[in-house]
Amino acid sequence: MTLTETKSFCQICSACCGTKLTIDDSTGRVVKVRGDKDDLMSSGYACIKGLEAPAALYSDNRILEPLKRMADGSFQPIAFSTALDEVAAKLQDSIDRYGAESIAGFRGSGAVVNATAGLIVHNLLEAIGSHKSFSPYTIDQSAKNISAGRLGIWPPGRDTLRDSDMRMFFGINPLVSVLCSYLDMTNPMKRLKDARARGMKVIVIDPRRTETAEFADIFLQPYPGEDVSIAAGFIRIILKEGWEDKAFCADHVQDLEELRRAVEPFTPEYVANRAGILAHDLWRAASLFAHESKRGGAGSGTGTNMAPHSNLAEHLIECLNVVCGRYLRAGDVFPNPSVLRPSWTRQAQVIPAQRWWEEGYKSRIKGYGTLTTTIGTKFGEMMTGIFADEILEPGEGQVRCVINNGSNIINIVPDQEKTFRALKSLDLLVSIEPYMNETARMSDYIFPTTLHYERPDLTHWMYAAEIMYSEPYARYKPAAVSPPAGAQVVDDWIVVWELAKRLGVQLVFDGIPLNMLTRPETDDLLRIIVRHAPISFDELKAMPLGKIFNETAQVIAAADPGNTGRFTTMPMDVAAELEEVLSERVEPGFAFSQGQRFTHRLTSRRLREVINSTGHDIPAIRRRMPTNYAYMNPEEMIDLGISNGEKVKISSDNGSIFGIARADPTLRRSVISMSHGWGGLPGQTNFETEGSNTGILISTDRDLDPINAMPRMSAIPVNVTRVAPQVEETLEALIDAG
């Protein structure tokens, strides 16, 4: 057996860690993956998900030819062109009968990490005139978009990692989740250790003593979902002690006194009682952040952005940065002005609150607007919290056909049983997907795709790459291997282009109309993206490791003379949401929902082994993580009579699931922690081997945040009970019966 090595990079997530691939020349297959120490950004770091790429490439669960669902529910192979003809005809029929808004698209992580696929379904919807574009963004961290739209934007952004003498992390664990907009996601452990070595202080606020918390100078361990009260308490202390940046506030904040009055009820004692922390620790953290440190701000992650009142929490966390002036100023260097995006001048001035969602298209479901989350597109993105309603609610504009690109919708969209009913009711569900996952099993047609080592691609270029990468970095990679012999797979974008051609519409990709007569090559689309870079596409292709374009670093420009832009820290809707929080029933150690009292709050947990619903079928990963365990505090488990490995029932006011209890001393009492994105189809799941879907516990009929319809996906009030032996026997019988 002859082996060769080649360099590439992983694209399971947006970090794009550099890899070394060992290829068996006799089969053309990747047999081993290692982190590449020569990589300019990741420096040899690679997670287990990336290292197990051979198992993903050659999985038995991979789809290698187009499939069509038969009347009996089985799938049969179908010619690629025939499948395209049939799907295009069904789409055209729906458009003719019900209008363009009857067609929706859903873009998942599998598309977003693919440079040519990330926007292509959105582009098709624009071409046919449908606004029904959805993605996981609006059930992830869209609160950041809402905060910017209500508070205002400082174009240079927050203090960079290299400039920071402190960082505060709310509900984020970048050493495991990696994807973090406030700590470079390339080799996060090295980045954090380097920053700590030069003296940077760290504050972590999380219900679990996370891997990141191990590096914290101050660690607050509150009840889940209390980020609003903690952030408001911080602001109150800072303003009362006079630790705010008075000059910055005078120049750039419109309503500081309104903010001061609004947070006045959040005394250290009130916050401590409500959040389950010590008042003195709250004061110590506020002092370290605002008084003892001068640069570096606060940031949040999914722990905050998936919990109740996420828009409000995000707003107040960003207000911490505002009142302390934790932003780059005129003369500072902005290190990464988006190598692959158009260059623009960043000035040290506020762009006032824009409230984008108040203009433009409104959903027929409760009038929700859209969020501008995509680059170079005409339409915004709709709210995934109302995705199922757009399908189930009859009337003009009802969604009847869905094109799904790279998302296991049924496993990641909350309120699983409602989502299941919605997908089952569709006239047409098309999946552009490499694996036979739960959503693929529900689809009418499946178009299988290449995987990331089988196609040319670029490092991440969408969704604020300038703050995800601390360096101005870009890299191209060619296809390292071909798909398995005999496979009928294509790059994702090709399916959409072929459908657009059959529908007679013009696709516009990143602002450039594509040739709709002769199908382009993948490199042609990548060339469009790279047109903004400081070098040509061909020059970038000739750089095996890409390049860090330090010459593009930008000096922050001074504000325009006479600029009057100001931050609005306490607009009327934010003040109303804060009043709502103050009116909530509080009883330490318990949670309340719909008038019911619950003993625990369930938090969503990131795992090293998987990302959302991806990686569950890889043998090495399944050995390490066969199910999404229900993690609990071990001392509390003893009190409740629950042994490690026993089955437990977790019940919310929307539904119940079962899990396998696992002791976790890093968790505080009254908390249960489970990973989302697990489980099979409703009623068809063996939770011991497939995990349980936490979306069953979540309602999308209520408890939605205003503006972005964000469901309550973490800090969910639940009761946890041990499954009695006789009930366990019944469960096992049901599982055996399927």
Side-chain angles (χ1 to χ4, degrees), residues 4-23 25 28 30 33-43 46 50 53 57 111-120 186 336-343 375-376 449-462 465-466 468-469 471-483 489-494 497 509-515 518-553:
T4 59
E5 274 197 349
T6 189
K7 292 178 181 287
S8 189
F9 58 82
C10 177
Q11 281 180 288
I12 290 175
C13 75
S14 300
C16 298
C17 299
T19 54
K20 278 186 177 181
L21 310 181
T22 302
I23 300 171
D25 293 338
V30 178
V33 176
R34 291 174 291 158
D36 183 7
K37 294 182 180 179
D38 296 329
D39 188 79
L40 303 180
M41 297 293 287
S42 57
S43 307
L57 285 165
V112 170
V113 297
N114 179 339
T116 53
L119 294 180
I120 201 71
T186 57
N336 181 14
S338 296
V339 174
L340 298 177
R341 303 314 307 147
S343 179
I375 301 166
T449 61
T450 55
L451 295 178
H452 60 280
Y453 289 127
E454 300 168 348
R455 65 173 186 260
D457 221 322
L458 294 168
T459 45
H460 185 66
W461 67 285
M462 295 190 300
E466 68 271 17
M468 286 186 163
Y469 296 137
E471 309 284 351
Y473 166 68
R475 182 179 176 184
Y476 168 91
K477 69 177 175 74
V481 293
S482 297
V489 297
V490 296
D491 293 355
D492 302 50
W493 71 269
I494 291 175
W497 185 92
F509 180 80
D510 193 26
I512 303 297
L514 296 181
N515 183 339
T518 303
R519 193 171 77 197
E521 300 292 333
T522 297
D523 269 5
D524 295 327
L525 274 66
L526 298 177
R527 188 181 297 273
I528 290 173
I529 296 170
V530 176
R531 74 189 187 278
H532 303 293
I535 61 173
S536 71
F537 179 60
D538 292 330
E539 289 174 308
L540 184 62
K541 286 180 68 173
M543 298 175 174
L545 295 177
K547 183 181 176 182
I548 296 175
F549 295 85
N550 287 318
E551 65 273 17
T552 66

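We count residues from 1, following the sequence as given. Basis for what follows: all heavy atoms, side chains included, without hydrogens, waters or symmetry-related copies.
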Check: Looking at CD of E454 and CG of D457, how far apart are the two atoms once the value is rounded to the nearest 0.5 Å?
Finding: 12.5 Å

Item checked: Exam field: side chain W497 to backbone I120, donor-acceptor pair closer than 3.5 Å -> no

Notebook entry, point to check: Taking the six-membered ring for Trp, are F537 and Y476 parallel (under 30°), tilted (30 to 60°) or perpendicular (over 60°)?
Noted result: perpendicular

Checklist line | Spatial distance of atom CG (N114) from atom CZ (R455) [nearest 0.5 Å] | finding: 3.5 Å

Notebook entry, point to check: Tell me, do L514 and I528 make a side-chain contact under 4.5 Å, heavy atoms counted?
Noted result: yes

Margin query: Any side-chain to backbone donor/acceptor pair from D491 onto I494? Under 3.5 Å, distance only.
Written below: no

Checklist line | Rounded distance (nearest 0.5 Å) linking atom NZ of K541 with atom CG of D523 | finding: 4.0 Å

Check: Is a donor on one side and an acceptor on the other found under 3.5 Å between the side chain of S8 and the backbone of T19?
Finding: no

Check: Under 3.5 Å, is there a donor-acceptor pair between the side chain of N515 and the main chain of P520?
Finding: no

Next item on the list: Report yes or no: does T6 contribute a side-chain atom to a donor-acceptor pair with the main-chain N or O of L21 at less than 3.5 Å?
Entry: no

Next item on the list: Report yes or no: does K477 contribute a side-chain atom to a donor-acceptor pair with the main-chain N or O of H452 at less than 3.5 Å?
Entry: yes

Item checked: Minimum side-chain heavy-atom gap I12-V113 below 4.5 Å -> no

Next item on the list: Working to the nearest 0.5 Å, report the span between CH2 of W493 and CG of L119.
Entry: 14.5 Å

Check: Would you call S42 and D36 a side-chain contact if the rule is heavy atoms closer than 4.5 Å?
Finding: no

Checklist line | Gap separating the OG1 atom of T459 from the CG atom of L540, nearest 0.5 angstrom | finding: 7.5 Å

Margin query: Please check this pair: side chain of T552 against backbone of F549, looking for a donor-acceptor N/O pair closer than 3.5 Å.
Written below: yes

Checklist line | Pairing of D510 and R341 as salt bridge, 4.0 angstrom limit | finding: yes

Item checked: Q11 side chain near C16 side chain, heavy-atom distance below 4.5 Å -> yes

Next item on the list: Could you tell me whether a side-chain N or O of N336 sits under 3.5 Å from a main-chain N or O of E471, the two making a donor and an acceptor?
Entry: yes

Margin query: With rounding to the nearest 0.5 angstrom, report the CZ to CG distance, F9 to L458.
Written below: 6.5 Å

Check: Are the side chains of V33 and Y453 in touch, meaning some heavy atoms are under 4.5 Å apart?
Finding: yes

